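Just so you know, these numbers use all the heavy atoms, side chains as well, and skip hydrogens, waters and symmetry mates. Proteins get letters first, then strands, A, B, ... in listed order; numbering begins at 1 in each. Just so we're clear, the structure is a prediction, and the values are computed from it rather than from any experiment.
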Amino acid sequence: MQIECPFCGKRDAHEFAYLGDATVARPDPAVPDAARAFYEYVYLRDNPAGSHRELWYHSAGCHSWLVVTRDTRTHAIETIAQVGAR
Amino acid sequence: MTPLPQSRRLASGGLIDRSRTLSFQFDGKPMTGHPGDTLASALIANGTILAGRSFKYHRPRGILTAGSEEPNALVELRSGARREPNTKATTVELFDGLVARSQNRWPSLGFDVMSVNSLLSPIFVAGFYYKTFMWPAAFWEKLYEPLIRRAAGLGRASREPDPDSYEKAFAFCDVLVIGGGPTGLMAALSAARAGAHVILCDEDFSFGGRLLSEQFVIDGQSGADWKAAAVFELEQNPAVTLMRRTTVFGGYDQSTYGALERVGDHLPVPLPHMPRQRLWKIVAKRAVLAAGAVERQIVFGGNDRPGVMMASALRSYVNRFAAAPAQRLGLFTNNDDGWKTVADCIRAGIKVEAVIDPRPAIPEAFRQLAIQAGARLFEGGLVQDAHGTARGLQSIDVMTSTGRTESVAVDGLAVSGGWNPAVALTCHLGARPVWRDDISAFVAGDTPPGLVVAGAATGAFDLRSCLADGVRLGAEAAQAAGFTAVAPTVPAASEETLGLMPLWKVTGARTKAFVDFQNDVTAKDIVIAEREGFRSVEHLKRYTTLGMATDQGKTANVNGLAIMAALTGRSIPETGTTTFRPPYTPVAIGAFAGHHRGKHFRPTRLTPSHAWAAEQGAQFVEAGQWLRAQWFPKPGETDWLTSVNREVIAVRGAVGVCDVSTLGKIDIQGADAGTLLDRVYINGFSALPVGKVRYGAMLREDGIVMDDGTTARLAQDRYVMSTTTANAAKVMQHLEFCHQVLWPELDVQMVSVTEQWAQFSIAGPRARDTIQKLIDPMADVSNMALPYMGVTTITVCGGIPGRLFRISFSGELAYELAVPARYGDGVIRAIMSAGAEYGIVAYGTEALGVMRIEKGHPAGNELNGTATARDLGLGKLMSQKKDFIGRVMAERSGLTNPDRPSLAGFVPVNRADRLRAGAHFLGLGAHPSASNDQGYMTSVAFSPSLSHWVGLGLIKNGPNRHGERVRAYDPVRRGDIEVEICSPVFIDPEGGRLRV
């Protein structure tokens, strides 16, 4: 598998480290039910069969965190972008 | 011994080089062959019928096929460290000096004692192991397993390290063509003419596929001549890479293919610097699968007897290798293709005794062919049993269309039950093949993106369709890869028909009828499986072992499935499909490892003072990827403890130096650097004054400690963080995550500078005196100017820029001196001379560890992935004023329970006792059980300062139990001693020594 890093180009998947779901957002620790919100943020994950936005880190490259949209059934990659990029 | 002449070599013909003779040995017998031979063809040319003994029953077995689907002729190749079991004789390219041995026989291949298993066969049927050896479990290891391993099993691997090297390589192309037969050659030509970069792979050492083995005519030329011209054209094209001896064994995501190139397998020993094999990862824009088809057998009694061979294989031996597997042949075919054998035998002078064709009516041309061959023709007949011995076939029993049984004397039988398209690569990403009634075979279902199937692999078995497919699909693949293709004209080839009448198994066999030769699975085993309810294909496979092992049932699976279908009254597609997973043929582990073996498994990182430490005779230890000095033995010191004790005493009494460059170092800059650190560490850093250092601990978001270390503030907007050696990369990734993913608005940048700095800890009462001599004049490093936890920029040894941190891991007055890594070797030498007058010693990781245990600093053993900051006594550091990673989750009741195992010190009640890390704590007199477990000892050391062992451990409610006694129970090493819980700080608890 290859991943096209927006900075380094198409690179072998071995250069990247996988983290997981890119759709979860770190909760505001000040909200009243922060404990529950953090529990969900840390532990609860959907396991979709299909398109999935996930975080990959170009550890053996430019150290960018990337959002890779990948089909979990076919591993086909739809989009790759630097995290936070529009 | 002089080799005998090649008694079964045909006088002429074949694609072998008769001008050269190669010598080889089989079971110690000298034989000869020619370049172009495989081991199997050379054995046949030498009249060798018997190739090995079967897995379970030790039945004599011959050579069944001429390719990688071979289930029988598995040999041990080479000797010594290169001995390689289970090699298919049919794929071994003959070389001069080759040594091969048959397997699974004792004392000899001809006379095998274990063949008594065959007499015991009623108890060796399917499910035998499951039923017989259920219990007692203890008998497995000592009795059953050795017994089974002796009786069953195949060859023996060498026990020596592999002396050869293996490589891994990447390749990229527009069009990958898998298989170099007529279809593949045509596809490659078609794509290459369009200008595409083409890679053509074939597992054989010669391109051509069936063109080498059949008497084809293409465009008026012989198949072999046409092939030679095609290969020549491809070789002239610089955009084409031809890869012989290369099996594409797996299809992976995104049009990536795994291939094994056997670079040196056809040589006695690889040439200097030549890898034995090379593992390719081929990324192809488009791929054409032209892997052909595998002929399948018909199941009848004695169908495994030596002398029974696939009809296509027989033609390969006769046409390609000019070797005659038989002199009086029977042919059993249910299709037109098998009849090619008759014409080829006539040409080669092999007598065809009988043709048995179960079809009720065959084309007139075949009847004429039988007459021409002088063969008896049994239309509508069946071979029920084949009879023979280890020396070869003697006769076959034919059931005629009228129901009579006749015996025909033959010394060989060619069998064709039709062809199975080789669609394995289409299934590696999860697709299943689909059944086609018209050819009674599975063909590709969904194909992976970018891959098309062509030729015989689609079930279009005739040469004309194969060539046409190659032309069209090669051009389409090039087009899809962005080239303008003009499809070449399809070469002319004669028409062929298949006319197959499915026949999987002959009923009424009186002797054992085999479905899977390699696993000794008989038709009866499938009956048993069905009777016992193992009807699903997956159950059938696992209960009978059908389709397992090195051939993966290439000649067996579909017959087994068809037999199960008949037993259950279902159609074949209703019964199930065969599944294929990579690899298509076995790949040696060595090829997957490549160069990553032994010391090259991962890189070794050397510290800046490594060369100096080696000169001092340091004992080294691997720490992560680093090689660090563990201790520095002095002449006369015979055990490590003596050296370590000396080093500790010297540091505590005078001064010592230790290379601590391996600790991770991250340079963090930007206006918001402090804010980022506040959020990452449990304690605050934005208020840390410039020129100060602070210890910090960081948590994972789930509240567990991730790492710790010191961070220094070098400027208003610049910090340098240190991490533990083991977690350096992990912490870097974490910081990047926090910045890029969580808080991209922060103005901060960071870079790992671990390898840019050599860093030395100089510790002990005379540390300042030593430092003073190193630093250039003008710098004030007095206790006033550079107090404990201060940092300053200096130059040393006449202008080398450096940083001096007043930090201590040992508990003594200590500094860490950092200089650019390239000065590390010079600076360690300078430190040693500067400290010489104070009795400086170099100390290693052991002494470092002893001193940190004496000081109660948690390290790797305590940061065990389950301990919280409170567990480690760091609770008071946790800021209440700010958010930080892990803060919310760390407040969960389970993580704040005072009963959690938390850090404490331990001393043996009997001071002479030795402590052991890993020992578990139990109440005095408590029964050793998991429910009574109170925690465990994490780190221990012999303290030369206290003259007894001290330990750190995590024990329930540790901080509130100082003075209490518990058991340290260590059943693994038979340890069971009483220990006293105490403060984890054994030396200088007030920290006075740090501040002098």
Side-chain angles (χ1 to χ4, degrees), chain A residues 1-4 7 10-14 16-43 49 53-68 70-78 81-86, chain B residues 168 170 172 251-257 281-285 429-431 446 448-450 596 666 679 699-704 728-730 732-746 749-752 879-880 882-896:
Chain A
M1 194 162 119
Q2 291 177 302
I3 293 174
E4 186 153 9
F7 303 99
K10 219 173 221 187
R11 313 294 304 168
D12 194 78
H14 281 124
F16 297 83
Y18 177 78
L19 184 75
D21 197 346
T23 63
V24 291
R26 188 170 191 269
D28 179 354
V31 298
D33 59 346
R36 168 154 207 89
F38 267 89
Y39 164 76
E40 290 180 2
Y41 166 67
V42 171
Y43 293 113
R53 277 162 52 82
E54 50 200 29
L55 285 165
W56 289 75
Y57 175 61
H58 197 182
S59 51
C62 62
H63 285 195
S64 291
W65 279 95
L66 307 175
V67 177
V68 176
R70 184 181 65 103
D71 191 313
T72 57
R73 296 162 305 181
T74 63
H75 300 175
I77 292 175
E78 294 150 39
Q82 187 192 7
V83 67
R86 276 162 232 284
Chain B
K168 291 193 226 184
F170 284 84
F172 302 86
Y252 302 93
D253 295 318
Q254 296 179 349
S255 294
T256 304
Y257 297 86
K281 203 167 176 179
I282 303 176
V283 182
K285 287 186 188 145
L429 293 183
D446 294 335
H596 299 270
I666 302 172
R679 295 179 186 181
L699 308 185
R700 310 189 308 220
E701 193 68 275
D702 66 0
I704 302 296
K730 194 165 111 185
M732 184 71 203
Q733 177 174 341
H734 178 63
L735 292 187
E736 293 282 16
F737 173 84
C738 292
H739 174 222
Q740 294 179 40
V741 181
L742 300 182
W743 304 299
E745 69 280 4
L746 296 184
Q749 303 85 38
M750 63 202 83
V751 66
S752 165
S879 168
Q880 300 300 310
K882 63 177 181 89
D883 178 39
F884 55 86
I885 298 271
R887 184 181 73 88
V888 174
M889 294 298 271
E891 298 307 321
R892 287 182 286 170
S893 57
L895 297 188
T896 52

Evaluate the criterion side chain to side chain contact (heavy atoms under 4.5 Å, CB included) for residue pair A/Arg70 and B/Asp253; output intermediate values, then yes/no. CA-CA 12 Å; A/Arg70 184 181 65 103; B/Asp253 295 318; over 6 Å; no
Using heavy-atom distances under 4.5 Å, tell me whether [X] contacts chain B through its side chain, its backbone, both, or neither.
X: A/Ala17; answer: side chain
X: A/Ser64; answer: both
X: A/Tyr57; answer: side chain

Keeping the roles fixed (side chain from B/Glu736, backbone from A/Ser59), state whether a donor-acceptor pair exists under 3.5 Å.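 It does not hold such a pair.
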Is the backbone N or O of A/Val42 less than 3.5 Å from a side-chain atom of B/Glu701, with the two atoms forming a donor-acceptor pair by type? no
Are A/His14 and B/Lys281 packed together at the side-chain level, in the sense that at least one heavy-atom pair is separated by less than 4.5 angstrom?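 The answer is yes, as the side chains (C-beta and beyond) meet within the 4.5 Å cut-off.
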Within the 4.5 Å heavy-atom criterion, are A/Arg26 and B/Ile885 side-chain neighbours or not? yes
Please determine whether the number of non-hydrogen atoms from other residues, nucleotides or ligands lying under 6.0 Å from atom CG of B/Asp446 exceeds 12.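 Open.
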Let me know if [X] has heavy atoms under 4.5 Å from chain A in its side chain, its backbone, both or neither.
X: B/Tyr252; answer: neither
X: B/Arg892; answer: side chain
X: B/Leu735; answer: neither
X: B/Leu742; answer: side chain
X: B/Val888; answer: side chain
X: B/Phe884; answer: backbone

Among B/Arg887, B/Met732, B/Glu891, B/Arg700, which residue has the highest count of heavy-atom pairs closer than 4.5 Å to chain A?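 Counting heavy-atom pairs under 4.5 Å, the top option is B/Met732.
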What pair of heavy atoms forms the shortest contact from A/Trp65 to B/Phe737, and how long is it?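 Where A/Trp65 meets B/Phe737 most closely, the heavy atoms are NE1-N, 3.1 Å.
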Is there a side chain to side chain contact (heavy atoms under 4.5 Å, CB included) between A/Tyr41 and B/Met889 once you walk through the steps? CA-CA 10 Å; A/Tyr41 166 67; B/Met889 294 298 271; over 6 Å; no
Between atom [atom1] of [X] and atom [atom2] of [Y], what is the distance when rounded to the nearest 0.5 Å?
X: B/His734; Y: A/Leu19; atom1: NE2; atom2: CG; result: 11.0 Å
X: A/Lys10; Y: B/Phe172; atom1: NZ; atom2: CZ; result: 9.0 Å
X: B/Met750; Y: A/His63; atom1: CE; atom2: NE2; result: 11.0 Å

